[in-house]
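Below: the structure, in structure tokens.
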Protein chains: 2
Amino acid sequence: MDKAVQILSQHKLRKTPFRLDVLKLFLNNSTKGLTTHYIEESLEDFDRITLYRTLKTFEKSGVIHVAIDTSQTTKYALCHDDCTAHNHLDDHAHFLCNQCGETYCLENVIRPEITLPSDYTLSSAHLALSGICSSCNAQS
Amino acid sequence: MDKAVQILSQHKLRKTPFRLDVLKLFLNNSTKGLTTHYIEESLEDFDRITLYRTLKTFEKSGVIHVAIDTSQTTKYALCHDDCTAHNHLDDHAHFLCNQCGETYCLENVIRPEITLPSDYTLSSAHLALSGICSSCNAQS
DNA sequence: CTGTGTGCAAAGGGTTTGCAAGTAC
DNA sequence: GTACTTGCAAACCCTTTGCACACAG
């Protein structure tokens with residue numbers, strides 16, 4: 001069973017070769033946030049404009065989400081199975097490694113209880129962490 | 001006593017008219033994150049390039065910091081008095097209002113205790129919240 | 001006076017839009 | 001066949017760099 005095909009079907013998106021390639025890239029890096037730069041380097045034969053449109057389509061459909069981290073570069077990461085177009089369930093933390101530059105989705109670091117000032121209504125919370133990741137720590 | 005002059009002195013920056021204008025803008029919006037777009041609209045007579053350089057200088061000196069929020073636009077906010085060049089003490093939360101688009105610094109919503117997977121070293125944590133702010137809630 | 005800041009021009013990088021041709025369903 | 005997707009060109013916006021002039025200290 002092809003996971004990529006399944007995801008596109010699930011989100012009612014056409015299964016074009018390009019979309020499948022991009023999606024497989026995310027599936028192979030399911031715990032990381034990917035920059036467009038990285039995606040471009042990983043794709044054999046690509047058109048940058050089509051890539052931007054594909055990412056936007058994926059994001060709108062709930063296939064991927066923008067990973068909020070402390071870098072100023074936009075990073076995209078695979079959504080959970082249960083994300084839909086208007087209900088992104090990506091409240092887990094994103095960790096930017098200051099050494100290797102990778103952004104990791106830390107599924108287990110969930111949003112802690114937050115107390116807002118009165119009259120503020122909370123709809124989403126993202127924890128943007130930075131430091132040194134486990135693999136960089138292991139090398140030193 | 002002029003607060004703007006004082007801040008520039010404190011950070012050993014030259015007190016040019018332009019810098020004072022920009023800094024006053026931040027002082028008048030001390031709890032908000034400002035976009036370059038907003039700053040440009042607020043300044044009478046400005047050069048965009050100089051503005052970018054001023055913001056970068058302020059950031060490096062610890063006068064302002066980049067406010068991490070869920071918008072994809074860079075926003076700058078005034079630092080605490082005790083921020084220095086290499087020690088930004090801006091671990092408070094940033095709240096993006098989905099209605100008015102304002103970003104608020106919530107000084108009282110501090111970073112909660114975070115438990116990272118083993119071998120991860122934490123150096124900074126930013127809480128990026130979104131929802132509806134108090135003034136928008138009041139109007140509905 | 002000296003080193004820093006400013007203003008202008010130009011360039012760079014990321015991202016979006018328009019449109020014709022191609023393709024999934 | 002029809003609606004959506006792709007690929008190319010061009011444009012757009014934000015941001016940076018280089019350099020001569022102006023100005024703060």
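Below, chain A is the first sequence line, B the second, and so on; all start at residue 1.
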When V63(A), I7(A), L78(A) are each screened for side chain to side chain contact (heavy atoms under 4.5 Å, CB included) with F58(A), the one that passes is V63(A)
Taken to the nearest whole Å, CG/L55(A) to P/dG14(C) is 14 Å
Assign each of I49(A) and T54(A) the nucleotide of DNA chain D bearing its closest heavy atom; nearer the 5' end lies the nucleotide of T54(A)
Between CG of D21(A) and P of dT6(D) the distance, given in whole Å, is 11 Å
query = How is T16(A) classified with respect to the nucleic acid when contacts are heavy atoms under 4.0 Å: base, sugar-phosphate, or nothing?
reply = sugar-phosphate
Rounded to whole Å, the CD-C1' distance (Q72(A) to dT15(C)) equals 16 Å
Going by the angle between their ring planes, with limits at 30° and 60°, are Y104(A) and F95(A) parallel, tilted or perpendicular?
tilted
Do the ring centers of H65(A) and H126(A) come within less than 6.0 Å of each other?
no
Quick one: is dT16(C) close enough that its OP1 or OP2 comes under 4.0 Å of any side-chain N or O from K56(A)? yes
Whole-Å distance, L8(A) CG to dC25(C) C1', equals 14 Å
Does a nitrogen or oxygen in the side chain of Y52(A) sit under 4.0 Å from OP1 or OP2 of dT15(C)?
yes
Next on the checklist: For a quick test of reading the model: is some side-chain N or O of R19(A) closer than 4.0 Å to OP1 or OP2 of dT5(D)?
Outcome noted: yes
Heavy atoms only, 4.0 Å cut-off, all strands: where does K12(B) land among base, sugar-phosphate and nothing?
nothing
Separation of dT5(D) atom C1' from R48(A) atom CZ, nearest Å, is 19 Å
Shortest non-hydrogen pair, I68(A) vs T70(B), comes out as CD1-CA, 3.7 Å
Among dT16(D), dC25(C), dT6(D), the one nearest any side-chain atom of K15(A) is dC25(C)
Which part of the nucleic acid, if any, lies within reach of T36(B) when heavy atoms closer than 4.0 Å are counted: base, sugar-phosphate only, or nothing?
sugar-phosphate
R53(B) atom CZ is separated from dG18(D) atom C1', nearest whole Å, by 9 Å
Between CG of D47(A) and C1' of dT15(C) the distance, given in whole Å, is 13 Å
Whole-Å distance, H37(A) NE2 to dT15(C) C1', equals 16 Å
Heavy-atom nearest nucleotide on DNA chain D taken for F18(A) and for L13(B); more 5' hit belongs to F18(A)
| said: Applying side-chain contact (heavy atoms from CB on, under 4.5 Å) to T50(A) and T54(A), what does each step give before you reach the verdict? | reply: CA-CA 6 Å; T50(A) 304; T54(A) 300; 4.0 Å; yes
- prompt: So does R14(A) reach the base of dG22(C) with its side chain, donor to acceptor, closer than 3.5 Å?
  reply: no
